[in-house]
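Okay, structure first, notes after.
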Amino acid sequence: MAHALGNRPTRQSAREGFIGWLDYFVWQIERAFTLLSSLFIFGLMMIGVIQVFGRKLFDAPIFGYIDMVELAMTTFAFLAISYTERLGGHVRMELLVGKLKGRVQWAAEFASVIVALFVVAILIYYGWTHTVRAYEFGDSTIDAEYPMWPSKLVVPIAFSLLWIRLLVMAYGYARLFADPARTPIGVPVVENVAEQAKAEAAEALGADAREGGR
Amino acid sequence: MEFSNETLGILGFVSLLVLVVIGVRIYIAAAIVGLVGLIAMIGWDAGAGIVGTIPHSKSASYTLSVLPMFILIGYLAFHAGITDAVFDAARKWFGWLPGGLAVASVFATAGFAAVSGASTATAAVFSRVAIPEMLKSGYHPKLAAGVVAAGGTLATLIPPSAILVIYAIIVEESVGQLLLAGFIPGIVSALVYAGIIITWSIIDPTIGRPIRGYTWGERVKSVPGTFPVIAVIVIIFSAVYYGWATPTEAGALGAFVVFVLALAKGMKWDNLKDALLETAKLTVMIFTLIWGVLIFVRFLGFTGVPAEFTEWITSLDYPPVVIMIFILLGYAVLGMFMDAIGMMLLTLPVVYPAVIALGYDPIWFGIVVVKMAEVCLVTPPIGLNCFVVNAVRPDIPLTQVFRGVGPFVVADFITVGLFLAFPWIITWLPQQVLG
């Protein structure tokens with residue numbers, strides 16, 4: 001239901017034919033985007049701490065702090081969207097899809113991805129014109145008057161990567177539809193509740209277990 | 001073919017439901033229905049144009065920046081050695097009660113909830129910390145498993161809670177007030193859990209016996225280990241209560257404290273990278289859901305369906321409390337099939353205005369809805385928390401876990417009943433800040 005861990009592309013899966021290579025190639029870009037988004041989250045923490053201490057102790061708040069945060073937000077609101085899609089991390093109801101098997105399952109997944117391709121294409125186009133308008137009119141933030149367009153540009157860029165990912169997934173599902181006996185590559189694997197619980201537990205405990213080498 | 005606005009709205013709602021049920025990701029389902037609906041109503045250019053601006057305009061808002069901070073606190077908390085220390089302190093202070101170790105587990109999960117907003121993760125961690133101790137002391141496995149699965153749900157009420165922030169954003173209420181509002185109901189829930197355990201253990205003393213023999217010196221010495229939890233509570237509570245920092249700044253400070261402690265406990269670069277990547281993933285998931293659903297909400301607003309629904313609800317010839325009970329039961333049923341965040345985002349645009357028209361307090365309703373969504377984390381068929389406990393402790397069969405949480409589900413209904421009867425349990429604290 002919530003956020004299944006999904007199977008990740010690996011160097012090994014990259015050797016499984018064209019789809020494996022493609023999956024891994026896009027995955028590298030997705031990882032880079034997500035790392036960048038993580039760095040911005042870390043930066044948000046640091047700048048928040050500096051802001052509080054600056055304001056409280058030295059009466060010197062950071063100029064345009066709120067503007068800066070709002071501009072930076074598109075990084076962690078969007079950059080990891082494709083990475084999360086690949087891991088099957090976006091919320092959906094798996095009650096029905098989880099029960100489907102074989103060709104019917106792959107057909108349903110394929111149809112879902114086609115719908116997504118359509119929506120995301122429109123979001124890319126209008127997100128892009130939104131950016132161009134901001135650039136042409138010289139839109140800026142209220143307080144510090146930082147230009148808006150770089151922040152808006154992140155949206156169509158992240159959506160473009162998502163669109164490419166969806167295309168790879170469409171190919172992955174089509175390939176499984178053609179021959180359900182194949183191993184799923186390049187698509188997130190649906191987990192039932194028990195598998196998902198195991199993944200969630202591993203996520204929490206895996207991190208916990210490494211602490212102090214226990 | 002021409003449709004009236006209301007018909008379009010209802011068609012939209014039905015299509016959304018169908019898409020969600022057949023497994024289309026919620027953000028895509030909501031966005032496509034909103035997009036097609038708006039295009040049908042106001043034409044291609046205007047419709048698609050509006051939709052195209054929503055992702056950016058709804059995401060780049062300072063209020064939402066608190067989300068990654070709260071999520072980061074949770075992921076870093078696993079590396080700060082908090083769980084063992086908190087359970088140790090709780091055991092020494094509350095072990096003497098009937099069913100003492102189980103009571104201690106409740107308070108330990110409540111304490112851990114103050115640094116984590118994730119129910120399943122809390123249940124997973126305490127399955128490993130608390131269950132072995134309880135079994136060693138001869139506690140019945142169903143009590144040991146049940147208390148951990150139920151205790152995990154406290155994480156969403158006690159700040160930092162991402163889901164309360166999401167509620168605040170969707171209904172356009174103050175994030176700070178909702179966060180404050182979660183404290184007392186979270187503590188009340190924990191107390192009711194403790195009460196249930198004590199009663200259960202008095203009726204059937206074999207289920208879990210008291211653990212005695214700790215000296216006051218040992219008790220006092222166990223307190224410093226809980227420092228990170230106390231620090232995060234104090235920072236977030238006082239920042240919101242006295243207004244010396246925004247929720248985002250308080251979240252940043254809380255995350256920083258936990259980060260420094262985790263470093264002191266020997267967190268490696270790989271751990272930090274994992275925590276940051278997981279934070280990025282959960283953050284983007286929530287943002288995506290928010291703008292996706294807001295595209296649908298924009299369309300829904302055009303159709304006038306929420307207003308119609310409100311009119312219908314308020315014209316019903318029942319006392320508001322009866323209608324409220326039905327709404328809450330509806331959430332209990334829905335929650336059995338859907339993730340809490342998705343459920344709230346999809347229903348609130350229609351349900352919320354109606355509830356307000358019935359005269360209920362927005363903050364109060366937020367806490368009660370989140371509480372109902374959490375109950376569903378421990379009830380069949382999904383009951384994810386129970387599955388998590390079973391995944392960590394495969395030796396305790398799933399049926400026993402579900403049997404073990406039974407009393408706690410009863411406790412939850414008592415708690416919700418208390419909220420209905422005495423709404424000030426929820427509204428008193430946030431009102432102190434207003435006044």
Taking every heavy-atom pair that is under 4.5 Å apart, which of A116(A), S37(A), G127(A), G48(A) has the most such pairs with chain B?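 The option with the most such pairs is A116(A).
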For chain B, find which of L123(A), D67(A), V113(A) contributes the most heavy-atom pairs closer than 4.5 angstrom. L123(A)
Which heavy atom in A77(A) sits nearest to a heavy atom in S59(B), and how many Å separate them? CB-CB, 4.0 Å
Tell me the closest heavy-atom pair linking P55(B) and V155(A), and the distance in Å. CB-CG1, 4.4 Å
W27(A), CH2: over 12 other non-hydrogen atoms inside 6.0 angstrom: yes
Counting only heavy atoms not in Y135(A), do more than 12 fall under 6.0 Å of its OH? no
Side chain, backbone, both or neither: which part of [X] has a non-hydrogen atom closer than 4.5 Å to chain B?
X	answer
L162(A)	side chain
M73(A)	side chain
Q51(A)	side chain
T34(A)	both
L35(A)	both
V49(A)	both
Y125(A)	neither
F159(A)	side chain
S151(A)	both
V120(A)	side chain
A108(A)	neither
F78(A)	both
I81(A)	both

Name the member of [options] that forms the most heavy-atom pairs with chain A at distances under 4.5 Å.
options	result
L277(B), V392(B), I295(B)	L277(B)
F287(B), W244(B), Y62(B)	Y62(B)
I290(B), N385(B), T283(B)	T283(B)
A275(B), A391(B), G383(B), P394(B)	A391(B)
L276(B), L67(B), V389(B)	L276(B)
G74(B), S61(B), G254(B), A29(B)	S61(B)

Measure the CG-CG distance between L282(B) and L72(B) for me, rounded to the nearest 0.5 Å. 11.0 Å
Can you tell me how far the CZ atom of R393(B) sits from the CD1 atom of I131(B), to the nearest 0.5 Å?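 Output value for this atom pair is 6.0 Å.
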Is [X] close to chain A through its backbone or its side chain, or both, or neither, when contacts mean heavy atoms under 4.5 Å?
X	result
I22(B)	both
W291(B)	side chain
L35(B)	side chain
I26(B)	both
L64(B)	both

Quick one: are the ring centres of F177(A) and F110(A) less than 6.0 Å apart?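 Between F177(A) and F110(A), the centre distance exceeds or equals 6.0 Å.
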If you look only at pairs with a residue in residues 26-51 of chain A, which of them pass as a salt bridge (Lys or Arg N to Asp or Glu O under 4.0 Å), with sequence neighbours excluded?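 Applying salt bridge (Lys or Arg N to Asp or Glu O under 4.0 Å) to every pair that reaches into residues 26-51 of chain A, excluding sequence neighbours, yields E30(A)-R165(A).
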Should Y27(B) and E85(A) be marked as a side-chain hydrogen bond (donor to acceptor under 3.5 Å, both in side chains) after you check the CA-CA gap, both sets of side-chain angles, and the distance that decides it? CA-CA 11 Å; Y27(B) 80 100; E85(A) 182 74 41; 2.6 Å; yes
Treating [X] as the side-chain partner and [Y] as the backbone partner, does any N or O pair qualify as donor plus acceptor under 3.5 Å?
X	Y	answer
W149(A)	V132(A)	no
H90(A)	V284(B)	no
N390(B)	I396(B)	yes

Between D45(B) and Y126(A): side-chain donor-acceptor atoms closer than 3.5 Å: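 Judged by distance alone, the side chains do pair up.
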Partners meeting side-chain hydrogen bond (donor to acceptor under 3.5 Å, both in side chains) with R103(A) (sequence neighbours left out): none
Please determine if K152(A) and E136(A) form a salt bridge, counting it only when a charged side-chain N lies under 4.0 Å from a carboxylate O. no
